[in-house]
Amino acid sequence: MRTPWHAHHIAERYGLLAIIALGECLIGAIETLRAIVAHHGWSVDAAMVGFSGTALAFAMWWIYFILPAGRALHLQRHRSFFFGYGHIPIFAAIAATGAGLHVAAYFIDHVAHISAAVAVASIAVPVALFKVSLTWLYSVMICADRTVIAVAAGVLASLAASVGLAAAGVSVPVCMLVIVLVLGASIVIDERRGAGKMNAALERLERASATGPARNG
């Protein structure tokens, strides 16, 4: 006999774990802001760092919760193991983003002897992993929508561009702002175009689930 479980409850637990992990991003943002204020005082760069670090955490939160996970898991109960284990790279990416913000703080503090491109990559790479992992999860749990995949590809290209900007001499705070703006643009597109298609796909799954027992009867 299988252990009974409630899809919406399980999805809620994973969502709470994501929120806890995002707390690391906020801590990293505070540390980065502290580093730049300690060396340069309050300035435009400090404002950009404070805004970018905080906005990055909230953007990742928004992107994660675009998927109605409880509803999707309820309709795709046979994919519960994929849903659970598929969160491992997502949680890892969120935690790594917070660590990347700490690396940026060390770079600004002149403690980490690395290039600006490496400092920006320490944020951009885990953000890219986060976006790819979520896109993969959405595609398997609901549908492989071209809009969602295209948005993910655009995000990856833009994140690579932010590292290129740092290598070209653009400051780390500006590159952090670019990363946030990229995620913000992806949220707008997903909400305006992807959300409707996602809901339509869920409705198709609901109809298929409702008619399935009738066919079997």
Side-chain angles (χ1 to χ4, degrees), residues 21-22 24-64 66 89-90 92-136 146-194:
L22 284 168
E24 177 65 21
C25 288
L26 290 176
I27 294 173
I30 293 170
E31 181 63 19
T32 310
L33 181 60
R34 181 210 60 77
I36 198 168
V37 170
H39 279 81
H40 307 288
W42 287 101
S43 61
V44 174
D45 279 353
M48 283 194 295
V49 166
F51 170 78
S52 299
T54 305
L56 180 61
F58 281 99
M60 295 175 77
W61 169 83
W62 193 305
I63 291 171
Y64 178 87
I66 285 177
I90 294 172
I94 294 174
T97 301
L101 289 168
H102 279 280
V103 171
Y106 292 144
F107 173 79
I108 294 169
D109 250 341
H110 304 293
V111 174
H113 302 292
I114 57 177
S115 66
V118 173
V120 173
S122 67
I123 302 172
V125 170
V127 170
L129 175 62
F130 174 78
K131 185 64 178 178
V132 169
S133 299
L134 274 176
T135 301
W136 181 38
R146 287 181 296 179
T147 300
V148 174
I149 295 173
V151 169
V155 168
L156 294 182
S158 300
L159 290 173
S162 70
V163 178
L165 288 173
V170 178
S171 69
V172 171
V174 172
C175 293
M176 289 175 60
L177 184 60
V178 169
I179 293 173
V180 170
L181 292 176
V182 167
L183 292 184
S186 76
I187 290 171
V188 171
I189 297 172
D190 282 337
E191 288 287 359
R192 291 180 65 87
R193 300 189 62 181

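This chain uses plain numbering: 1 for the first residue, then up along the sequence.
- Taking every heavy atom of both residues into account, Val180 and Ser52 meet most closely at CG2-O, 3.2 Å.
- Proximity of Val182 to Ser162: side-chain heavy atoms (C-beta onward) are nowhere separated by under 4.5 Å.
- The minimum heavy-atom distance between Leu56 and Ile179, with the atom names listed, is CD1-CG2, 4.1 Å.
- The side-chain contact (heavy atoms from CB on, under 4.5 Å) search around Ala93 returns Leu129, Phe130, not counting sequence neighbours.
- Between Ile187 and Ala59, the shortest heavy-atom distance links the atoms CD1-O, 3.7 Å.
- The side-chain heavy atoms of Leu22 and Leu26, taken from C-beta on, include no pair separated by under 4.5 Å.
- When the side-chain contact (heavy atoms from CB on, under 4.5 Å) test is applied to Val188, the partners found at least two apart in sequence or on another chain are Arg192.
- Between Thr97 and Pro126 the shortest heavy-atom distance is OG1-CB, 3.5 Å.
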Please assess Leu181 against Leu177 for the test side-chain contact (heavy atoms from CB on, under 4.5 Å), listing each intermediate value before the final yes or no.
CA-CA 6 Å; Leu181 292 176; Leu177 184 60; 4.2 Å; yes

Check against side-chain contact (heavy atoms from CB on, under 4.5 Å), Val174 and Leu165
CA-CA 9 Å; Val174 172; Leu165 288 173; over 6 Å; no

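- The two atoms that bring Val172 and Phe107 nearest to each other are CG2-CE2, 3.5 Å, heavy atoms only.
- Not counting sequence neighbours, Tyr106 has no partner by the side-chain hydrogen bond (donor to acceptor under 3.5 Å, both in side chains) test.
- At least one side-chain heavy atom of Ile94 sits under 4.5 Å from a side-chain heavy atom of Cys25.
- Taking the side chain as every heavy atom from C-beta outward, Leu156 and Val132 approach each other to under 4.5 Å.
- In this structure, CZ in Phe58 is found 8.0 Å from CH2 in Trp61, a value given to the nearest 0.5 Å.
- Residues Leu183 and Val127 meet the side-chain proximity criterion, which asks for heavy atoms closer than 4.5 Å.
- Residues Lys131 and Ser186 approach most closely at NZ-OG, 4.0 Å, considering heavy atoms.
- Two residues are said to be in side-chain contact when any heavy atoms from C-beta on lie closer than 4.5 Å; Val155 and Thr135 fail this criterion.
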